[in-house]
Amino acid sequence: MSYLDNIKIVLVETSHTGNMGSAARAMKTMGLTNLCLVNPIIKPDSQSISLAAGASDIIKQAQIFSSLEAAVADCSLVIGTSARARSLQWPNLTPKECGDKIIAEACRHAQVALVFGRERVGLTNDELQKCHFHVSIPANPDYSSLNLAMSVQVLSYEIRMSLLSAQEASIKLDEKDINEVHYPKDEDIERFYQHLEQTLLHTGFINPHHPGQIMGRLRRLFTRARIEQQELNILRGILTSIDKKQ
């Protein structure tokens, strides 16, 4: 099994099936095979198969999900693509850093998701807040329009280059060292945020009419810290102890 098998390419609400096919072709040229579609406006059709060329198998095997949460639930690392600056700053990666981080995580036998947004508007702020990191392609600021398949190609290339670099350097990963650190799955992180919000509402710390203002910053704090599974267990235990006092 290749480490690349641990990596998902997730397309959110893609509106043109041709882009699905072109993205699949871009993936396969770099050795990636796991395509996930979140609420595609139109399901894969003959045009997607045609533009996939020799990568039609990726289209045919693509998984379709009703939400981004479902698509990344089993992932311990989620990276979202963003083409513009956001009001709430988030840990940001260059394409090379993105490739390196994805390969490092995949080598831990963990599931990783690289998420691409809608062709015209990208990912929403709420969707980006569900990602551990953001990645931006430093295109020409005077003409930074990259279509979806081009973006998939650029970042898939960086993933492959990171893998080849590790192989060429003969990096030997000791299984004990790999498994010393465990990061929680996205679904566990989301349950923690729900628990945290409920507890903070009960204590009166956050305004029930505007909980997102504080929760967005708390998400950024914990995302930046990249909490491990044991740390998450401690935090859930703290919240449970507070709940019992209410």
Side-chain angles (χ1 to χ4, degrees), residues 7-27 30 32 34-45 47-48 51-52 58-59 62-99 101-102 105 111-141 143-159 186-187 189-190 193 212 216 219-220 223:
I7 302 169
K8 299 179 179 181
I9 299 298
V10 181
L11 309 184
V12 177
E13 294 186 356
T14 308
S15 58
H16 300 290
T17 57
N19 286 334
M20 299 175 194
S22 297
R25 185 175 183 178
M27 289 169 58
M30 296 298 129
L32 297 166
N34 295 331
L35 176 63
C36 298
L37 305 174
V38 176
N39 278 332
I41 303 303
I42 303 174
K43 292 185 178 180
D45 57 12
Q47 185 181 22
S48 62
L51 288 177
I58 293 180
I59 289 292
Q63 293 180 282
I64 298 179
F65 295 89
S66 60
S67 67
L68 177 59
E69 291 87 346
V72 303
D74 62 341
C75 296
S76 61
L77 175 65
V78 182
I79 299 179
T81 56
S82 180
R84 62 185 186 277
R86 304 285 174 153
S87 57
L88 186 61
Q89 294 300 308
W90 213 258
N92 203 67
L93 303 172
T94 66
K96 183 180 184 307
E97 290 170 338
C98 173
K101 194 167 287 293
I102 284 176
E105 192 78 7
Q111 291 291 307
V112 183
L114 179 58
V115 185
F116 296 82
R118 304 152 187 83
E119 288 95 336
R120 294 189 63 185
V121 297
L123 295 169
T124 66
N125 286 333
D126 285 344
E127 289 165 343
L128 283 168
Q129 286 188 18
K130 297 183 184 301
C131 302
H132 298 102
F133 298 92
H134 298 168
V135 59
S136 300
I137 298 172
N140 176 8
Y143 188 72
S144 59
S145 178
L146 280 172
N147 71 26
L148 177 60
M150 288 180 179
S151 299
V152 172
Q153 186 73 80
V154 169
L155 295 178
S156 296
Y157 168 81
E158 292 294 349
I159 291 170
D186 184 76
E187 59 185 348
I189 290 287
E190 287 302 318
Y193 287 134
R219 277 180 175 267
R220 181 176 64 169
T223 297

Nearest-0.5 Å distance that lies between atom CD1 in Ile79 and atom SG in Cys131: 8.5 Å

How about Arg118 and Thr124: do any of their side-chain heavy atoms sit closer than 4.5 Å? yes

With a 4.5 Å cut-off on side-chain heavy atoms, are Gln63 and Leu35 touching? no

Looking only at non-hydrogen atoms, find the nearest pair between Ser66 and Asn39 and report the distance. O-ND2, 2.7 Å

Is the shortest side-chain heavy-atom distance between Leu114 and Ile159 below 4.5 Å? yes

For His16 against Glu119, the heavy-atom pair lying closest together: N-OE2, 3.2 Å

Side chains of Thr17 and Asp45: is there a donor and an acceptor less than 3.5 Å apart? yes

Between CG on residue Leu148 and OG on residue Ser22, distance to nearest 0.5 Å: 8.5 Å

Between Glu158 and Lys96, is there a salt bridge with N-O shorter than 4.0 Å? no

Chi angles and distances behind the side chain to side chain contact (heavy atoms under 4.5 Å, CB included) call for Leu51, Gln47: CA-CA 6 Å; Leu51 288 177; Gln47 185 181 22; 4.3 Å; yes

Do the non-hydrogen side-chain atoms of Leu37 and Phe65 ever get within less than 4.5 Å of each other? no

Do Glu69 and Glu187 make a side-chain contact, defined as non-hydrogen atoms from C-beta onward lying under 4.5 Å apart? no

Looking only at non-hydrogen atoms, find the nearest pair between Ile137 and Leu146 and report the distance. CG2-CD1, 3.7 Å

Are Arg219 and Asp126 close enough for a salt bridge, meaning some N to O gap below 4.0 Å? no

Val78 versus Phe133: any side-chain heavy-atom pair under 4.5 Å? no

Residue pair Arg25, Gln153: steps toward the side chain to side chain contact (heavy atoms under 4.5 Å, CB included) verdict: CA-CA 9 Å; Arg25 185 175 183 178; Gln153 186 73 80; over 6 Å; no

Can you check whether Leu11 reaches Val115 side chain to side chain, under 4.5 Å on heavy atoms? no

With rounding to the nearest 0.5 angstrom, report the CG to CG distance, Asn19 to Asn147. 6.0 Å

If you round to the nearest 0.5 Å, how far is CH2 of Trp90 from CD of Gln129? 4.5 Å

Polar side chain donor-acceptor pair, Glu105 to Ser76, under 3.5 angstrom: yes

Tyr157 atom OH, over 12 foreign heavy atoms within 6.0 Å: no

Run Glu13 and Arg120 through salt bridge (charged side-chain N to carboxylate O under 4.0 Å, His left out) and show every step you take. CA-CA 11 Å; Glu13 294 186 356; Arg120 294 189 63 185; over 6 Å; no

What's the separation between atom SG in Cys75 and atom CG in Asp186, rounded to the nearest 0.5 Å? 7.0 Å

Side chain to side chain contact (heavy atoms under 4.5 Å, CB included) between Leu68 and Val10, intermediate numbers included: CA-CA 8 Å; Leu68 177 59; Val10 181; 4.2 Å; yes

If you compare all heavy atoms of Val152 against all heavy atoms of Met27, which two are closest, and at what distance to 0.1 Å? CG1-CG, 3.9 Å

Distance-minimising heavy-atom pair for Ile59 and Met20: CD1-O, 3.5 Å

Would you say Ser151 and Leu155 make side-chain contact, with heavy atoms under 4.5 Å? no

Output the distance between atom SG (Cys98) and atom NE2 (His134), rounded to the nearest 0.5 Å. 11.5 Å

On a heavy-atom basis, which atom in Cys36 and which in Lys8 lie closest, and how many Å separate them? SG-CD, 3.8 Å

Would Ser15 and Ile42 count as a side chain to side chain contact (heavy atoms under 4.5 Å, CB included) if you check the C-alpha gap in whole Å, the side-chain angles of each, and the deciding distance to 0.1 Å? CA-CA 6 Å; Ser15 58; Ile42 303 174; over 6 Å; no

